[in-house]
2 protein chains.
Amino acid sequence: MTEPTPEQTERLAIAFERFTRRFKVAEAAAALQNALNALDIQALLFINERPECSLGDVARHLQVAMTTMSSSADRLVRRGMIERQRPEANRRSVALTITPNGQEAVAGYMDGYRASCRAMLDALDSDDRATFLRLTELIAKYED
Amino acid sequence: MTEPTPEQTERLAIAFERFTRRFKVAEAAAALQNALNALDIQALLFINERPECSLGDVARHLQVAMTTMSSSADRLVRRGMIERQRPEANRRSVALTITPNGQEAVAGYMDGYRASCRAMLDALDSDDRATFLRLTELIAKYED
DNA sequence: TTGAATAGTACGAAAATCGTAGTATATGCC
DNA sequence: GGCATATACTACGATTTTCGTACTATTCAA
């Protein structure tokens, strides 16, 4: 397989910066709506996808100090969005699970995210849309 | 033009989440390298693209309080990455310009960004790559 | 020319992040 | 089993960041 040229990479970088900016704005708006900061919403998304995960899991995933994650969990518990449990299997750790309240916040965030994605697809006609999806999924799979 | 189906939107949302996560990691790494926080690096990128811009311009663009932006500028000046000037045209405002030192930091950040973009293109063969670029640029243009 | 609007800064309060030290639990080795 | 060590987390305090309020300097407009 041939390599992408520097020009191609540059073109993609420029085009992509526009998307990511829009996503960021949508993200910030969603966080604001629930009065959550950027870290807390990311933590909530992770906990939603991985029920019973530990504090350490989240801290590693988001690359923050353990104590920072502990504070974030405090805030999420205080807002009734997650619960801390002591699993019998390993009573040192905590198992984090999302509450209905937290799921609501996640749904709100995902709606905004989907709206951004939809806006992208709106720019394309039916054929191009199918092609774009195929290629995007190809890239997503490859990156693993 | 037909509308995207909810299924298509969902597929794109899922695929896209992987990209943005990778970009975020690269971003965090770049910021860490220069000991800049997320806001400061975004401000620096904006100032790089719009020399002589005002503090208010940056604050509006990044959706933060004016005072927050003032503090961010303080930090960037202290690190020798930007300069504050009083333009004669309007002596209330400040014109922000990047320094060679700041340009270096921007270049480092952009390198990481380009690497992420390149990794995406690496997943595709030559034909698909050209198609993907065309569609991505179509979307970027449309979104304006 | 004087009153209102604009652009930014100073300062202090609130929040977030992180490092250090501590507690509780688990594991390994004798 | 018993004891040292490692793991998972929390408490607490220091530092940094964000932001609101009040202030200064400059511009605009009637």
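Quick note on labels: first sequence line is chain A, next is B, and so on, each numbered from 1.
Nearest-nucleotide assignment on DNA chain D puts the 5′-proximal partner with A/N90, out of A/N90 and A/S71. With the nearest nucleotide of DNA chain C identified for both B/S70 and A/P87, B/S70 has the one nearer the 5' end.
At a threshold of 4.0 angstrom between heavy atoms, the contacts of A/S72 with the nucleic acid are absent. When heavy atoms are screened at a 4.0 angstrom cut-off, A/D74 is found touching no nucleic acid atom at all. A/T67 comes within 4.0 angstrom of a base, heavy atoms only.
One interatomic measurement links the two molecules: CZ of A/R78 to P of D/dT10, which rounds to 14 Å at whole-angstrom precision. Following rounding to the nearest Å, B/M66 (CE) and D/dT17 (C1') show an atom-to-atom distance of 18 Å. Between the CG atom of A/L55 and the C1' atom of D/dT10 there is a distance of 10 Å, rounded to whole Å. Between the P atom of D/dC19 and the CZ atom of B/R60 lies a distance of 16 Å, rounded to the nearest Å. Between the P atom of D/dT17 and the CD atom of B/Q63 lies a distance of 21 Å, rounded to the nearest Å.
The minimum heavy-atom distance linking A/L39 with A/T68 is given by the pair CD2-CG2, 3.6 Å. Taking all atoms of both residues into account, the shortest heavy-atom contact from B/Y113 to A/F16 is OH-C, 3.4 Å. In terms of heavy atoms, A/I98 sits closest to A/I47 at N-CG2, 3.9 Å.
The only member of B/L44, B/I41, B/N101 that meets side chain to side chain contact (heavy atoms under 4.5 Å, CB included) when paired with B/L76 is B/L44.
Taking only side-chain nitrogens and oxygens, B/R86 never comes nearer than 4.0 Å to OP1 or OP2 of D/dA25. Listed pair A/R92 / D/dA8 fails the phosphate criterion, with no side-chain N or O lying under 4.0 Å from OP1 or OP2.
The listed nucleotides are D/dT18, D/dT10, D/dG20; the one nearest the side chain of A/V94 is D/dT10.
A salt bridge does not link A/R129 to A/D125: none of the charged nitrogens lies less than 4.0 Å from a carboxylate oxygen.
B/E17 has its side chain within reach of A/M110: a pair of non-hydrogen atoms, C-beta onward, lies under 4.5 Å apart.
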Donor-acceptor contacts, no H, no angles, side chain residues 79-90 of chain A, under 3.5 Å, sequence neighbours left out:
from: A/R79; atom 1: NH2; to: A/A35; atom 2: O; distance (Å): 3.1
from: A/E83; atom 1: OE1; to: A/Q85; atom 2: NE2; distance (Å): 3.4
from: A/R84; atom 1: NH1; to: A/D74; atom 2: OD1; distance (Å): 3.1
from: A/R84; atom 1: NH2; to: A/S70; atom 2: O; distance (Å): 3.3
from: A/R84; atom 1: NH2; to: A/D74; atom 2: OD1; distance (Å): 3.0
from: A/R86; atom 1: NH1; to: A/R91; atom 2: O; distance (Å): 3.3
from: A/R86; atom 1: NH1; to: A/R92; atom 2: O; distance (Å): 2.8
from: A/R86; atom 1: NH1; to: A/S93; atom 2: O; distance (Å): 3.3
from: A/E88; atom 1: OE2; to: A/R91; atom 2: NH1; distance (Å): 3.4
from: A/N90; atom 1: OD1; to: A/R92; atom 2: N; distance (Å): 3.1
from: A/N90; atom 1: OD1; to: A/R92; atom 2: NE; distance (Å): 3.2

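Chain B approaches DNA chain C over the interval C/dA5 to C/dA10, counting the first and last nucleotide 5' to 3' with an atom under 4.0 Å from its heavy atoms.
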